[in-house]
Asks: 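Here it is, the structure, as structure tokens.
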Amino acid sequence: MKQRHATATASALFTLLPLSLLLFRLLALLVRLRLAAFRDAALSLHFLARLRIRPVHLRLPGTDATTVRVWCPAAPSTKPPLLLLHGFGGDSKWTWARNLPALSRHFHVYAPDLLFFGAHSRSASPLRTVEFQARCAVEAMRLLGVDRYDVVGISYGGFVAYRLAAVEGRDRVPRVVVMTSGVAATPWEMREMAAREERAVEESLLPETADGLRRLVRRSMHRPPPWMPDFVLDDFIKLMCVDQRKERAELLHELLKNGAGIDPLPVLTQKTLILWGDKDQVFPLDLGHRLQRHLGDVSRLEIIKDAGHALQLEGADQVNRFIKSFLLDS
């Protein structure tokens, strides 16, 4: 009896150890005013302790040493599986911070860090195409034992979600949500949008200075935070914008050159929900209307008022309701 009690106690301690380490890390970061890093650690703690979502590191088959980190539930469930694909604004944890608490109540969520985002999703492959990102996301889901799921993609993740849905088909990916993504723009239009920028496109989307990040936040959000001190922005840049910056710049140039990499853009057979902010300054609302016309009757466009490109943050409650209603009610 004593031996069983000791074993149970040891097991409980090992379970609590990662949470304890995160708490110590939080305190250390707070003392040093590393607010972005503090937020990052706090999100991890929230996902692990409250949402029961944990990071899994997957080595994909092949010779190019491709590893993908996926945030997914720690225990199986009967909830429908949902794949969430982020954009250039950060990794999956930061992108979906305001959506995972609500969505995880209704869905078995999978939120990978796309290749070259964050510190853990890496590859020695020279490929930077949307098709390669989509293929790696599909392979990661198969390694997790999930062959059929709905997909949500925002901005760059919308390109990946569209390509994934087009290739996998309705039997494997029955429903699609595309959020504020320029999928319907031609590569020529993408290059024209980039050419109108005052700076090189990687300087705009992959900032290296506090001023650059401040401009990006103000462009991405209709209601940006009123207080954005340099030390907070510099900390975020160190956390999110330094590691694998060269590879992400190559992803960006490939996207501007070839878009989703399918010409002409196929018409999806899946039911598709298109979500857009009416104040988007990155991809104008006209592209949302164009995508809806391209897809026809299988799609619908929902416009969220007073929201910019960072739709999942500024219009989080509406986004969560639209996704839940579309995927469950249909």
Side-chain angles (χ1 to χ4, degrees), residues 68 82-92 95-96 110-117 121 123 125 127-141 149-169 173 175-194 201-202 204-206 220 247-270 272-277 280 282-295 299 301 309-312 319:
V68 176
L82 178 62
L83 175 63
L84 303 174
L85 301 176
H86 64 81
F88 265 89
D91 61 11
S92 59
T95 298
W96 304 113
Y110 297 86
D113 292 341
L114 294 175
L115 284 177
F116 312 119
F117 291 86
S121 290
S123 178
S125 171
L127 295 175
R128 301 292 183 262
T129 61
V130 169
E131 186 274 335
F132 180 58
Q133 288 278 17
R135 179 154 41 93
C136 290
V138 168
E139 193 58 49
M141 293 296 278
Y149 46 89
D150 298 319
V151 62
V152 176
I154 184 168
S155 194
Y156 177 67
F159 284 88
V160 180
Y162 199 98
R163 178 71 188 238
L164 185 154
V167 172
E168 292 297 293
V173 182
R175 283 159 300 198
V176 183
V177 180
V178 176
M179 297 171 56
T180 188
S181 178
V183 177
T186 65
W188 179 84
E189 288 174 314
M190 295 284 287
R191 291 192 292 272
E192 279 293 296
M193 283 189 277
V201 67
E202 61 265 30
S204 297
L205 294 180
L206 301 171
S220 300
E247 289 81 0
R248 271 178 286 165
E250 292 166 353
L251 290 177
L252 190 54
H253 285 289
E254 167 62 28
L255 181 69
L256 293 174
K257 181 180 179 182
N258 294 312
I262 314 177
D263 189 21
L265 189 71
V267 176
L268 298 180
T269 59
Q270 294 95 329
T272 304
L273 173 65
I274 304 164
L275 297 178
W276 225 276
D280 195 326
V282 177
F283 288 128
L285 178 56
D286 176 64
L287 290 175
H289 288 288
R290 189 191 304 181
L291 181 59
Q292 196 278 324
R293 291 193 298 269
H294 178 75
L295 294 175
S299 69
L301 170 65
H309 190 67
L311 187 61
Q312 85 291 359
V319 165

Asks: Can you check side-chain contact (heavy atoms from CB on, under 4.5 Å) on Leu275 and Val319, steps first, answer last?
Replies: CA-CA 8 Å; Leu275 297 178; Val319 165; 4.3 Å; yes
Asks: Of all heavy-atom pairs between Gly261 and Arg163, which one has the smallest distance, and what is that distance?
Replies: O-NH1, 3.1 Å
Asks: Is there a side-chain contact (heavy atoms from CB on, under 4.5 Å) between Val152 and Leu83 once you walk through the steps?
Replies: CA-CA 6 Å; Val152 176; Leu83 175 63; over 6 Å; no
Asks: Just wondering, do Arg248 and Phe88 contact through their side chains at under 4.5 Å, heavy atoms?
Replies: yes
Asks: A side-chain contact here means heavy atoms from C-beta on lying under 4.5 Å apart; do Val130 and Phe132 qualify?
Replies: no
Asks: Is there a salt bridge (charged side-chain N to carboxylate O under 4.0 Å, His left out) between Arg135 and Glu139? Walk through the geometry before answering.
Replies: CA-CA 6 Å; Arg135 179 154 41 93; Glu139 193 58 49; over 6 Å; no
Asks: When rounded to the nearest 0.5 angstrom, what is the spacing between CG in Asn258 and CD in Glu131?
Replies: 12.0 Å
Asks: Answer yes if the side chains of Glu202 and His253 hold a donor-acceptor pair under 3.5 Å, and no otherwise.
Replies: yes
Asks: Are the side chains of Thr272 and Arg175 in contact, using a 4.5 Å heavy-atom criterion?
Replies: no
Asks: Atom CE of Met179 and atom CG of Leu84: how far apart are they, to the nearest 0.5 Å?
Replies: 9.5 Å
Asks: As an exercise, state the distance from OG1 of Thr129 to NZ of Lys257, rounded to the nearest 0.5 Å.
Replies: 11.5 Å
Asks: Can you sort out the partners of Glu168 under side-chain contact (heavy atoms from CB on, under 4.5 Å), two or more places apart, ordered by chain and number?
Replies: Val138, Arg142, Leu164, Arg172, Val173
Asks: Gln133 versus Leu251: any side-chain heavy-atom pair under 4.5 Å?
Replies: yes
Asks: Does the side chain of Phe116 reach to within under 4.5 Å of the side chain of Ser123, using non-hydrogen atoms?
Replies: yes
Asks: Once rounded to the nearest 0.5 Å, what's the spacing between atom CD of Gln292 and atom OG of Ser299?
Replies: 4.0 Å
Asks: Testing the basics here: between Leu206 and Ala249, what is the closest heavy-atom pair and its distance to 0.1 Å?
Replies: CD1-N, 3.6 Å
Asks: Between Arg128 and Glu254, is there a donor-acceptor pair closer than 3.5 Å when you use the side chain of the first and the backbone of the second?
Replies: no
Asks: Does any part of the side chain of Ile154, heavy atoms only, come nearer than 4.5 Å to the side chain of Leu85, both counted from C-beta?
Replies: no
Asks: Under the side-chain contact (heavy atoms from CB on, under 4.5 Å) criterion, do Val177 and Asp150 qualify, and how do the steps go?
Replies: CA-CA 8 Å; Val177 180; Asp150 298 319; over 6 Å; no
Asks: Begin with the C-alpha distance, continue with both residues' side-chain angles, and end with the deciding distance and a verdict on side-chain contact (heavy atoms from CB on, under 4.5 Å) for Tyr162 and Ile262.
Replies: CA-CA 10 Å; Tyr162 199 98; Ile262 314 177; 5.6 Å; no
Asks: Could you check whether any side-chain N or O of Ser155 sits under 3.5 Å from a backbone N or O of Ser181, counting only pairs where one atom can act as donor and the other as acceptor?
Replies: no
Asks: Of all the heavy-atom pairs spanning Ala260 and Leu265, show the shortest one and how long it is.
Replies: CB-CD1, 4.5 Å
Asks: Parallel, tilted or perpendicular, judged at 30° and 60°: which one describes the rings of Tyr156 and Phe117?
Replies: tilted
Asks: I'd like to know if the side chain of Ser92 and the backbone of Ala111 have a donor-acceptor N/O pair within less than 3.5 Å.
Replies: yes
Asks: Without swapping roles, check the side chain of His86 against the backbone of Asp113 for a donor-acceptor pair under 3.5 Å.
Replies: no
Asks: Hey, what do you get for CG (Leu301) to CZ (Arg290), rounding to the nearest 0.5 Å?
Replies: 13.5 Å
Asks: Between CG of Asp286 and CG of Asp280, what distance do you get to the nearest 0.5 Å?
Replies: 11.5 Å
Asks: For Ala165 and Val176, work out which heavy atoms get closest and say how close.
Replies: CB-CG2, 3.5 Å
Asks: Verify whether one side chain among Thr180 and His309 offers a donor that lies under 3.5 Å from an acceptor in the other.
Replies: yes
